[in-house]
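For reference, the structure discussed in these notes is given below.
Remember, predicted model here, so these are calculated numbers, not experimental data.
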Amino acid sequence: MTTPRHAAVTVIGNDRPGIVAAVTRTLYEAGCNLEDVTSTILRGHFAMMLFVRLPDEVDASQIEERLEAVGRDMGLVVTARAVDETPVEVPAPTHMVSVYGSDQPGIVYRVAELLARDGANVTDLTSRVIGSEEHPVYALMLEVVLAGSSEEIERDLSSLKPELGVDVTVRPLETDLL
């Protein structure tokens, strides 16, 4: 039995309709299977990452070549890189950490640093500046796998409230909803 072959594909460019269809069609026509995909729009820019299983006769450089035309036609930067499949299963997230406060540099870093110090693994992160231009509010949501108790993490994260002027909440996730 051969080892499964995978590629990480990234797509970045100005948002417009049809990007997902064009990229996934090209991957489908190449015989790839999409295993994990995430995409978002960041300040008008489309960003997508795909973890794909490659057919035996195709390698990552051939996928990147096939995607060149899509990138050129749609003004995208597209890459495909071979990646090894990791034998480690990442546990499902157990908690959601929400942080809201005045927009300022360092919020993600300080929260992530504290979570890492406590042994928590960040499995998903989303942030946005919301509110008005005069009163921007930074909203940060992290799905995490906690190593310790949620009370311990909440206590540690509460130390950031006066330092960063943020509100922080930690709540368990319903695993059957994921």
Side-chain angles (χ1 to χ4, degrees), residues 3-13 15 19-20 23-24 27 32-53 77 79-178:
T3 303
R5 299 168 355 112
H6 292 87
V9 178
T10 61
V11 180
I12 300 170
D15 184 42
I19 296 173
V20 173
V23 170
T24 58
L27 294 170
C32 296
N33 185 46
L34 307 183
E35 294 191 352
D36 281 326
V37 179
T38 187
S39 71
T40 192
I41 298 170
L42 304 167
R43 299 266 173 165
H45 298 274
F46 178 83
M48 180 166 61
M49 294 184 306
L50 306 95
F51 190 81
V52 303
R53 181 181 305 268
V77 176
T79 64
R81 299 292 181 263
V83 293
D84 293 327
E85 184 174 10
T86 58
V88 177
E89 286 295 318
V90 176
T94 59
H95 289 75
M96 174 67 75
V97 176
S98 303
V99 180
Y100 294 92
S102 295
D103 185 27
Q104 62 180 299
I107 294 173
V108 174
Y109 158 66
R110 293 290 292 128
V111 171
E113 176 186 53
L114 194 144
L115 289 169
R117 189 180 70 220
D118 285 348
N121 185 30
V122 176
T123 60
D124 194 51
L125 180 153
T126 302
S127 69
R128 296 267 189 269
V129 176
I130 59 175
S132 67
E133 200 170 305
E134 300 81 36
H135 296 61
V137 175
Y138 194 75
L140 170 65
M141 284 69 60
L142 304 105
E143 288 183 1
V144 299
V145 180
L146 295 186
S149 72
S150 60
E151 293 81 19
E152 189 178 336
I153 294 287
E154 282 186 273
R155 183 187 68 244
D156 290 348
L157 286 170
S158 70
S159 68
L160 298 177
K161 290 179 182 183
E163 177 187 338
L164 298 174
V166 296
D167 289 322
V168 179
T169 59
V170 179
R171 66 176 173 80
L173 288 172
E174 300 291 331
T175 55
D176 61 337
L177 297 177
L178 297 176

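With no hydrogens or angles considered, a side-chain donor-acceptor pair links R128 and T40 at under 3.5 Å.
Applying the salt bridge (charged side-chain N to carboxylate O under 4.0 Å, His left out) rule to E133 yields no partners; only residues at least two apart in sequence or on another chain are considered. Judged as a ring-ring contact (aromatic ring centres under 6.0 Å, His included), and not counting sequence neighbours, the contacts of F51 are H6. With sequence neighbours excluded, the residues that form a side-chain hydrogen bond (donor to acceptor under 3.5 Å, both in side chains) with S127 are Y138. Residues that satisfy the side-chain hydrogen bond (donor to acceptor under 3.5 Å, both in side chains) test with T79, not counting sequence neighbours, are T10. Residues that satisfy the salt bridge (charged side-chain N to carboxylate O under 4.0 Å, His left out) test with E113, not counting sequence neighbours, are R110. R81 is linked by a salt bridge (charged side-chain N to carboxylate O under 4.0 Å, His left out) to E64, counting only residues two or more places apart in sequence or in another chain.
Between S159 and L114, some side-chain heavy-atom pair lies under the 4.5 Å cut-off.
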**OP:** For side chain to side chain contact (heavy atoms under 4.5 Å, CB included), just list the numbers for L157 and L160, CA-CA rounded to whole Å, side-chain angles, deciding distance to a tenth of an Å, and then say yes or no.
**Re:** CA-CA 6 Å; L157 286 170; L160 298 177; 4.0 Å; yes

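When V168, V97, T126, V108 are each tested for a side chain to side chain contact (heavy atoms under 4.5 Å, CB included) with L140, only one passes: V108.
Atoms NE2 and OG, from H135 and S102 in turn, are 9.0 Å apart once rounded to the nearest 0.5 Å.
R43 CZ: 12 or fewer foreign heavy atoms inside a 6.0 Å radius.
Heavy-atom minimum distance, Q104 versus L164: NE2-O, 2.6 Å.
Looking only at distances, a side-chain donor or acceptor of T123 sits under 3.5 Å from a matching main-chain atom of E143.
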